[in-house]
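What follows is a set of notes on a single structure, which appears directly below.
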Amino acid sequence: MPSHAPTPPEPPVFHWFLPTGGDGRDPGGVTAVQGRTGAATRRPADVGYLAQVARAAEQAGFAALLTPVGLGCVDPWVLASALTQHTSRIGFLVAFRAGFASPTLLAQQADAFRRFAGGRLRLNVVTGGDPAEQRAYGDHLVHDERYARTDEVMAVLRGLLDGDRVDHAGAHLRIEGAQLVDPALEHPVPLYFGGASAAAEQVAARRADVQLLWGEPPVAIGERIARLRAIAAGQGRTLRYGLRLHVIARDTAGQAWAEAERILAGLDPAAVRASQARFAAMDSTGQARMTALHGRGTAEDLLVAPNLWAGIGLVREGAGTALVGSHEEVAARLAEYRALGVDEFVLSGYPHLEEAYRVGEEVVPRVRALVAAGGAA
């Protein structure tokens, strides 16, 4: 007789973050006079230290390492290539700026990486939301035009990585007769993509495999996933969803909140002012949503949902929220996000070496147990 037992829920996938701008016990921030504050860079972003972080994440069971891109980071392609020689299993979620290099060249780089590293490659397509930084790279397109260009880059890149011959004539790209020679098709390369604007959501629906979200309250995440599902369905597609969060987890909630208070007390007021001014000048919808979560005062004043704390975003660009609490509390919140449709999590904590072990050993197994038991349904 056929079994009527419910299908077990698919376990979430967990990734870790590589601090390629330097690491320390807190996010530190940037001041107009000092540049990056010393608190954020007590551990330089050299291969020796980042290899330790990579091996810790691998041993702790994470699937891949997000390697960011930007003026404050070392080059992700060079770094990830170096770290493949210090690891054996963990993958690399390599970020790149769409439009800064030919998608044919990017496809060649990605194909060489997946071939030489035995797969282990995922790509994070970054459009960019800071006009000042974009101009520093020589890019002067306005917001929606950048996303239109990203759409074309992803279309060409996907075709080439899938082994197709690509001819493309668009507003931003003209590609004729591009094709990889003997591509390593046995190693698929998923495309991760971020962006919260209407233009970004249309690109995600057409081109992405995984849509990355920053850590907003569950209600907002549920609304975004529902909207993206509907847009993708209109394209005849489905997406996976990933959530980028920091974690401050300890044996007890009191210990975790004490650590959040320590981080908050250590933030340089000048760094907070400089960071907030810089964020206000960006045209990123996602950054605006992060900035809107910030309050002032004690750690509890920055609490925007159960266990979701916005203090990191006072000085850190991009993902600015952390789940704060006991290991059990943080695991329960992650399981709730899983129940809303989040398939993958990209986590981090300060410092990233020690926290890779803590989160991988104490939080991740609890989340998997909750999801397997249907505890967050």
inquiry  = Run the side-chain contact (heavy atoms from CB on, under 4.5 Å) test on Arg115 and His187 for me, step by step, so that the C-alpha distance in whole Å, both residues' side-chain angles and the decisive distance to 0.1 Å come before the verdict.
reply    = CA-CA 8 Å; Arg115 181 186 305 279; His187 302 304; 5.8 Å; no
query = Going through the checks in order, is the side-chain contact (heavy atoms from CB on, under 4.5 Å) test met by Arg207 and Val125?
reply = CA-CA 10 Å; Arg207 309 296 182 195; Val125 185; over 6 Å; no
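- Side-chain contact between Ile263 and Ile248 is present, with heavy atoms from C-beta onward closer than 4.5 Å.
- Within the 3.5 Å criterion, the main-chain N or O of Arg89 finds a donor-acceptor partner in the side chain of Glu58.
- No side-chain heavy atom of Leu65 sits less than 4.5 Å from a side-chain heavy atom of Thr87.
- Annotation: side chain of Leu323 is not in contact with side chain of Leu347 (no heavy-atom distance under 4.5 Å).
- The aromatic rings of Tyr350 and His352 sit perpendicular to each other, their planes meeting at more than 60°, with 30° as the lower class boundary.
- Counting heavy atoms from C-beta on, the side chains of Leu314 and Leu302 come closer than 4.5 Å.
- By the neighbour-count criterion of 12 heavy atoms within 6.0 Å, atom CD of Gln109 is densely surrounded, having more than that number from other residues, nucleotides or ligands.
- The residues Arg227 and Glu223 are annotated as not salt-bridged, no charged nitrogen and carboxylate oxygen being separated by less than 4.0 angstrom.
- In this structure the side chain of Val346 never reaches within 4.5 angstrom of the side chain of Tyr192, judged on heavy atoms.
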request  = Kindly indicate, with the supporting measurements, whether the criterion side-chain contact (heavy atoms from CB on, under 4.5 Å) is fulfilled by Trp257 and Val324.
outcome  = CA-CA 7 Å; Trp257 282 108; Val324 182; 3.6 Å; yes
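- In this structure, Arg55 CZ and Ile90 CD1 are separated by 12.0 Å, a value rounded to the nearest 0.5 Å.
- Remark: the backbone N or O of Gly215 is paired with a side-chain donor or acceptor of Thr321 at under 3.5 angstrom.
- Once rounded to the nearest 0.5 Å, the distance linking CG of Leu191 with CE of Met154 reads 5.0 Å.
- Salt-bridge check for Glu152 with Arg149: failed, with every basic side-chain N at 4.0 Å or more from each acidic carboxylate O.
- When all heavy atoms are compared, the tightest approach of Ala178 to Leu160 is O-CD2, 3.4 Å.
- Scanning all heavy atoms of the two residues, the minimum distance from Gly99 to Val153 falls at N-CG2, 3.9 Å.
- The structure places CG of Leu308 at 4.5 Å from OH of Tyr337, a figure rounded to the nearest 0.5 Å.
- By the 30° and 60° cut-offs, the orientation of the rings of Trp16 relative to Phe62 is tilted.
- A donor-acceptor pair under 3.5 Å is absent between the side-chain atoms of Gln202 and the main chain of Ser197, judged by distance alone.
- The hydrophobic clustering, which links ILVMFWY residues whose side-chain heavy atoms are closer than 4.5 Å, places Leu93 and Val189 apart.
- Residues Phe96 and Leu157 form a side-chain contact, since some pair of their non-hydrogen atoms from C-beta on lies under 4.5 Å apart.
- One finds a salt bridge joining Glu354 and Arg43 here, because a Lys/Arg side-chain nitrogen approaches an Asp/Glu carboxylate oxygen to under 4.0 Å.
- In this structure, Asn124 CG and Phe193 CZ are separated by 9.5 Å, a value rounded to the nearest 0.5 Å.
- Leu83 and Leu66 fall into different hydrophobic clusters, where Ile, Leu, Val, Met, Phe, Trp and Tyr side chains are chained together by heavy-atom contacts under 4.5 Å.
- One hydrophobic cluster, built from ILVMFWY side chains closer than 4.5 Å, cannot hold both Val210 and Val342; they sit in different ones.
- Under the 3.5 Å distance criterion, the side-chain polar atoms of Asp251 are left unmatched by any main-chain donor or acceptor of His327.
- Looking at Arg237, its side chain does come within 3.5 Å of a backbone N or O of Ala208 through a donor-acceptor pair.
- Between Leu106 and Trp77 the shortest side-chain heavy-atom distance falls below 4.5 Å.
- Put simply, the side chain of Asp162 never gets that close to the backbone of Asp164: no donor and acceptor are under 3.5 Å apart.
- Under the 4.5 Å side-chain heavy-atom criterion for Ile, Leu, Val, Met, Phe, Trp and Tyr, Val359 and Val53 are members of the same hydrophobic cluster.
- A cation-pi contact, defined as under 6.0 Å to the ring centre and within 45° of the axis, links Arg244 to Phe17.
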task = Start with the C-alpha distance between Val13 and Asp343, add both sets of side-chain angles, then the distance that settles side-chain contact (heavy atoms from CB on, under 4.5 Å), and finish with yes or no.
result = CA-CA 6 Å; Val13 178; Asp343 304 286; over 6 Å; no
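- Looking at His168, its side chain never comes within 3.5 Å of a backbone N or O of Ile175 through a donor-acceptor pair.
- Residues Ala260 and Trp309 approach most closely at O-CH2, 3.5 Å, considering heavy atoms.
- Taking the side chain as every heavy atom from C-beta outward, Pro12 and Val367 approach each other to under 4.5 Å.
- Going from atom CZ of Arg338 over to atom CG of Leu243 covers 12.0 Å, rounded to the nearest 0.5 Å.
- Nearest approach of Ile312 to Ala319, heavy atoms of both residues: CG2-O, 4.4 Å.
- For Arg122 and Asp209, the salt-bridge test fails: no basic side-chain N is under 4.0 Å from an acidic carboxylate O.
- Minimum interatomic distance between Ala107 and Leu161 (heavy atoms only, all atoms of both residues): O-CD2, 3.9 Å.
- Between Glu355 and Arg250 there is a salt bridge, since a side-chain N of the basic residue sits under 4.0 Å from a carboxylate O of the acidic one.
- Note that the OG1 atom of Thr127 and the OH atom of Tyr147 stand 4.5 Å from one another [nearest 0.5 Å].
- Between Ala45 and Gly22 the shortest heavy-atom distance is CB-N, 3.7 Å.
- If you chain together hydrophobic residues whose side chains sit under 4.5 Å apart, Val69 and Val74 never meet in one group.
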